[in-house]
Amino acid sequence: MDEALRAVESVLFASSRPLRMVEIEGATQLSPDVVRKAIARLKKQYDEVGSSIEVVKIGVRYSMQLRKQYSNYGMPFAEVELPKDALKTAAFIAYNQPVLQSDLAKSLGSEVYEHIKLLREANLIAAKRSGHTFMLTTSKHFAEYFGIASSRKEDIKQWMDEQTRKS
Amino acid sequence: MDEALRAVESVLFASSRPLRMVEIEGATQLSPDVVRKAIARLKKQYDEVGSSIEVVKIGVRYSMQLRKQYSNYGMPFAEVELPKDALKTAAFIAYNQPVLQSDLAKSLGSEVYEHIKLLREANLIAAKRSGHTFMLTTSKHFAEYFGIASSRKEDIKQWMDEQTRKS
Amino acid sequence: MSSSSLEGVLGHLMFHKSLIDESDRHQKLDRYLSLAQAYQQGDQVVPRDPVDKALQMVFDLVLSNNYDPWDIDLISFTDLYLKKMQQSEVNFIVAGKLVFMAWSILKLQSEEVLAANDEKRQLFCSDWDFDVLEDMYATDDVPCFAADVPEQIDLCEAVRHQSQRPVSLVELLDAFEEARAEAEVADARARIREQLKVVDQKYDPRNHSEDLEKDVEMVWSRIMKCGNGPIVIDDIFAGGKEDRVTVFISLLFLARNGKIALWQDDLPYGQIFMEIKIPWDIGTLEDAKAAEAKQAPVM
């Protein structure tokens, strides 16, 4: 069992994106059941030792990532794709979704158009035409990118509230 | 001390390349002494738990990486350390060496200058001044890197021809 | 429709009435008020006047959808209005103006947003003549989305490890194949460029065009000697192969410039004919014999 645990750990450590069960099974040549048990034990181990690293389930995928309270240390070395301003706009959309692009521009200024472009390119938000403007929501990828366990909009909002209380 | 340990862990985890002491000190805002002790404890922790991850010193740099026996699991999800275009330039140099940098640029375009910089940093090619340009050859490390038995340029060319015929 | 929304609309109209002192605007406002009041009294008689009819539709929509008269959602309004227009017989010019008005305001609003001015300008639109309705939409505050976001909320990306690995052998070989193909293309291009340089030197375009001009002049003078009407081009040739080529190219040139018509009745080996296209009255055709006589030395 320990060997399975280590194999799963290796795969999760090496990947910079959350992995689906089949990907982990494929890379480790382990059965779904063994992989699932290994993930659960791994998660427990990292939690018990108080590591800055956590093993989380994000939607249907699994990921090894820094716990939120430690991400500041890692940020300078991580490959960050988005400027801070665009992240602010992303937070605004996530918290108020669904939100009209025109309303967003009224609230945050016209630079949101540039942010929305970036966020759509990064596949973090989805836009649906609504009259002359767009209705914006977070995409499925949003939760993965920010390490949020669920991609339901209510859960994202709740997660954001929790993060705010923690900080 | 535990907080220092976690801070150092965060930094090492986030970086995909080995870090110098000053970089870790800068990111964690810890003194050299505290960082050094944290690294030693961290190393011990990962060793004792039998993790597939290890904390190692490579030259003057520190890195968190997969232990040799587990590195194969991570391979499918790891990223290649050289960009594909630079690799193309390396292959071209290896086959046509010695080759003038100016001729290379004529054949493959001006982006080769960027590649040559990367390849020299990775210690895969050697450059010798020749008039206004450089004469480029593969380095000794090149053969090691690709597992070629000989570092003589004729052997490398022959080896490449054989491999191409095989594929 | 709720009575409160009707009151809102009436109050809105009264408010604007109290602000104005010009008599024509008074009349317009009175008209709007009477339409709105007719609505209030449940008077559903469809007005005969096309403008009234179109306006009534506006009120109908505003009231039945509980729009805030100070803050009409023009996108949904226009949408509803267009739908209603399709269902009823209305004066399309008036209705069109209303839609255009809504569009103008929307456009202004979007420009406003794009300009991203911190101070919110008063909306102003001069392109339409329902000025009171204009006021209805022109509020000091652009309707602003009241968002509730805790100040400290900050998203930061999940930090994960990215392992790196050396380049594999297959990758090196693939790269080599690609590089070789690219270099071959680059070399071929360089060769073609060199060849073109040589060709360019051989055929100096200036010399070429000077020659062509001389040739055309010469051929034209031969044509002139042939008289009017269709000519078989064989009659213009005066020598060997080279002359034929010169003449033929000159003829093509003249045909392209509209000076002559060239045609062939039997394809592909039949006779080629030509005829001068210059109008006869400005033409200076000379009879070959007369020309010869002219050129003959004076005895």
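Every chain is numbered from 1, with letters handed out A, B, ... down the list of sequences.
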Greatest number of heavy atom pairs closer than 4.5 Å to chain B - which of Ala7(A), Gly26(A), Gly74(A), Pro76(A)
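Counting heavy-atom pairs under 4.5 Å, the top option is Ala7(A).
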Leading residue by heavy atom contact count with chain B [cutoff under 4.5 Å; candidates Thr28(A), Val8(A), Ile53(A), Val11(A)]:
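Heavy-atom pairs under 4.5 Å are most numerous for Ile53(A).
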Please step through side-chain contact (heavy atoms from CB on, under 4.5 Å) for the pair Phe13(B) and Phe13(A), ending with a clear verdict.
CA-CA 9 Å; Phe13(B) 174 78; Phe13(A) 175 76; 3.9 Å; yes
Give, as side chain, backbone, both or neither, the part of [X] having an atom under 4.5 angstrom from any heavy atom of chain B.
X        : answer
Glu23(A) : both
Val49(A) : both
Arg67(A) : neither

Please examine the side chains of Tyr70(B) and Glu9(A), heavy atoms only from C-beta on, and report whether any two atoms are closer than 4.5 Å.
no
Between Ser51(A) and Tyr46(B), is any pair of side-chain heavy atoms under 4.5 Å apart?
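Yes, their side chains come closer than 4.5 Å.
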CG-OG distance between Leu12(A) and Ser52(B), expressed to the nearest 0.5 angstrom
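Atom-to-atom, Leu12(A):CG and Ser52(B):OG are 9.0 Å apart.
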Quick one: pull up CD in Glu3(B) and CD in Gln69(A) and give me the separation to the nearest 0.5 Å.
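Here the interatomic distance stands at 8.5 Å.
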What residue, out of Gly50(B), Ser15(B), Ser10(B), Ala78(B), has the most heavy-atom pairs lying under 4.5 Å from chain A?
Ser10(B)
If you count heavy-atom pairs under 4.5 Å with chain A, which of Gln45(B), Gln29(B), Met64(B) comes out on top?
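Most heavy-atom pairs under 4.5 Å with chain A: Met64(B).
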Considering all heavy atoms, the nearest Tyr73(B)-Ala27(A) contact:
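Where Tyr73(B) meets Ala27(A) most closely, the heavy atoms are CD2-O, 3.6 Å.
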